[in-house]
Amino acid sequence: MLALIDSNNFYVSAERVFQPELRDRAGCVLSNNDGCAISRSNEAKEKLGIRMGTPFFMMREQQENGDLWWRSSNYTLYQDMMRRITQIVRDTFPDQEIYSIDECFCDLSTFKHHDLEQVALELRQKILQYTGVPVCIGIGASKTLAKIANKIAKKQHRTSGVFYMNTPEKVEQALKMTEVDDVWGIGPRYGMKLIREGVYTAFDFVNLPEDYVLKLMTIQGRRTYRELKGERCIPMEFERPLKEGISTARSFNATVTELLPLEEALSCYVANAARKLREQKSVCAKFMVYAQTSQFVVAHDRYTKDIVVKIPLPTSDTGTLIKEALKALRRIYIRGYRYQKVGIELRDLRPESQIQNSLFSPVSAQHGMKLQRAMAAVDRINKSYGRNTVVHAAMGFEQRWSMRQEFLSRRFTTRIADIIVVNAV
Amino acid sequence: MKELKLFKKGTAKTLIPLYADAIHAGFESPAADYEEEKIDLNAYVSNYPAATFFARVTGECMIGSGIYPDDLLVVDRSLKPGPGDIVVGIIENEFILRAYYQRNGKEYLMPDNKYFKPIERSETTQFEIWGVVPHSVLDQRRRNSARINRFEQILRG
């Protein structure tokens, strides 16, 4: 059996742990630049009808009435809460795959003689007590079934938060309740196709002949089909594979015309990407830099350009990458456009070890090692004293272009100045 | 094993060893087998790090327990509150610091300072316990001036 553990409205729940005044009220967390809702409380979904992606400005009425609270996304907080939940889960179910910031799969094959439902109920209670975040747990024979079980736990078993599909009757019932385009791996496009064929639920889908599914939806569809029949086709990924490319880019809070702020922003994104690169012990041999204006301006004000650069000596050194990235940016920058976004994508990632052994000449190898040690020191300092404690000067200091996060809560769990205050009065 | 000899500066013919014993580069310390992990304050104050949070105190109602304004609290949510435990509670959406106590089937959040009143759980007063405070950290140097005042009183007689 496999379990899918999924935090309920994770960002909203994480905010509520440290801000009790947000509980039992409709609220949402906004996307980068405070654009739209990306996590909503149940009250916001059900009473106010706020949907995933509802733009912030469309909620003005509810804001003014005081019916709604809202926050910018506080990823530092969410990441730390996720780390805690993951740890607690691992103490119960050691075979764990972190699937996203708020979901993980657990392989329960080693729990042969346990009452899984009871274990799951206790785990859910433990996570709630230890972190304050409510989760739902769905258990099924495959990842796709565990996903379905989790959805049912969320919809129909709100108080217990657990749904265990351990009998054929439960599976059948669950498949009948699941619309075909809600099945993990089917998606809207094939969903439409299936509905046109008269296949409305996951139950209808598993009763199709296998050849028919293969013809209609290729091998991917057949995999989902077999998963729904209880066969494990999607393996657990205990070790995340190395990322194939790392990209960072964000829209500015207002358009930018000058080169300097563009350079600062790009340098910051490079620094961030390079840190991720070092975290996974890789170097990159290529990168792409791009700059663009808004797509919603008249044609002659529109501009999008990217450039790919090969690095002779693959590296993860922030300084080197910033230098090369800025050279590239200057080549695509044209004065006069109002830029909305710049970004970098590190490509052609390779393991760090490969480089030390073969590619460096002895002199540059020594230099490379030195840079590597320096960057390791910077990473350590920034980890313990907060991001951007040590920065490259190219990143600038005021960062007026930076992301709009007007409604950011504090970093309650990672910064001593930001911890909760308790009244002894 | 490599030997390193140090010589005093002189003419090439009359080099005198300054330090004749070999310095053994890379010789293992005889204490290496006895090495232990460093003392970990986190492990000492926390039963379960994934459930441990920190909080700052404002107010003086727990002075009897040695908790002063601006002290740092370790809040461990993995602990079940027992009678006498200091807890972070929530009343009317505010974090509040008190001690948990039960008596004759009634539940209380108790201050540890006679100028404050106990809070009893009732129909009208609901509270929830957010976490247990197993340790608090007092910045002793911040209290130096208060201490000096007391010393002065004693020494002046």
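Computed from heavy atoms alone, side chains included, the values below leave out hydrogens, waters and symmetry copies. Chain letters run A, B, ... following the sequence lines, proteins first, then strands; residues in each count from 1.
Around atom CD of B:Q126, more than 12 heavy atoms belonging to other residues, nucleotides or ligands sit under 6.0 Å away. No more than 12 heavy atoms of other residues, nucleotides or ligands shown are found within 6.0 angstrom of CG on A:D24. No more than 12 heavy atoms of other residues, nucleotides or ligands sit less than 6.0 Å from atom CD of A:E61. The number of heavy-atom neighbours closer than 6.0 Å to CZ of A:R60, taken from other residues, nucleotides and ligands shown, is 12 or below. Residue-environment remark: CZ (B:R121) exceeds the threshold of 12 foreign heavy atoms within 6.0 Å.
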Please assess B:T58 against A:N423 for the test side-chain contact (heavy atoms from CB on, under 4.5 Å), listing each intermediate value before the final yes or no.
CA-CA 5 Å; B:T58 163; A:N423 273 323; 3.4 Å; yes
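Heavy atoms closer than 4.5 Å to chain A are found in the backbone of B:P49, but not in its side chain. Only the side chain of B:I90 comes within less than 4.5 Å of a heavy atom of chain A; its backbone N, CA, C and O stay farther away. For chain A, the nearby part of B:F116 is the side chain; its heavy atoms alone come within less than 4.5 Å. Interface remark: B:Y48 contributes side-chain atoms only to the contact with chain A (heavy atom separation under 4.5 Å). Only the side chain of A:R23 comes within contact range of chain B, judged by heavy atoms closer than 4.5 Å. Residue B:I63 does not touch chain A at all, counting heavy-atom pairs closer than 4.5 Å. For chain A, no part of B:E92 is nearby; none of its heavy atoms comes within less than 4.5 Å.
Residues of residues 85-95 of chain A lying within less than 4.5 angstrom of chain B, judged on heavy atoms, are A:Q87, A:I88, A:D91 in numerical order. Residues of residues 407-419 of chain A placed with any heavy atom under 4.5 Å of a heavy atom in chain B are listed by number as A:T413, A:I416, A:I419.
Side-chain N or O atoms of B:R56 include none that pairs as donor or acceptor with a backbone N or O of A:V421 at under 3.5 Å. Within the 3.5 Å criterion, the main-chain N or O of A:V17 finds a donor-acceptor partner in the side chain of B:W130. The backbone N or O of B:A50 lies less than 3.5 Å from no partner atom in the side chain of A:R83, so there is not a single donor-acceptor pair. Distance alone, capped at 3.5 Å, is enough to place a donor-acceptor pair between the A:Q129 side chain and the B:R77 backbone.
Taking CZ of A:R84 as the reference point, atom OG1 of B:T52 lies at 7.0 Å (rounded to 0.5 Å). In this structure, the separation between CZ on B:F53 and CE on A:M81 is 4.5 Å, given to the nearest 0.5 Å.
When the candidates B:G89, B:S78, B:G131, B:A51 are compared by the number of heavy-atom contacts under 4.5 Å with chain A, B:S78 comes out ahead.
Minimum interatomic distance between A:V425 and B:C61 (heavy atoms only, all atoms of both residues): N-SG, 4.3 Å. The minimum heavy-atom distance between B:F95 and A:F18, with the atom names listed, is CE1-O, 3.4 Å.
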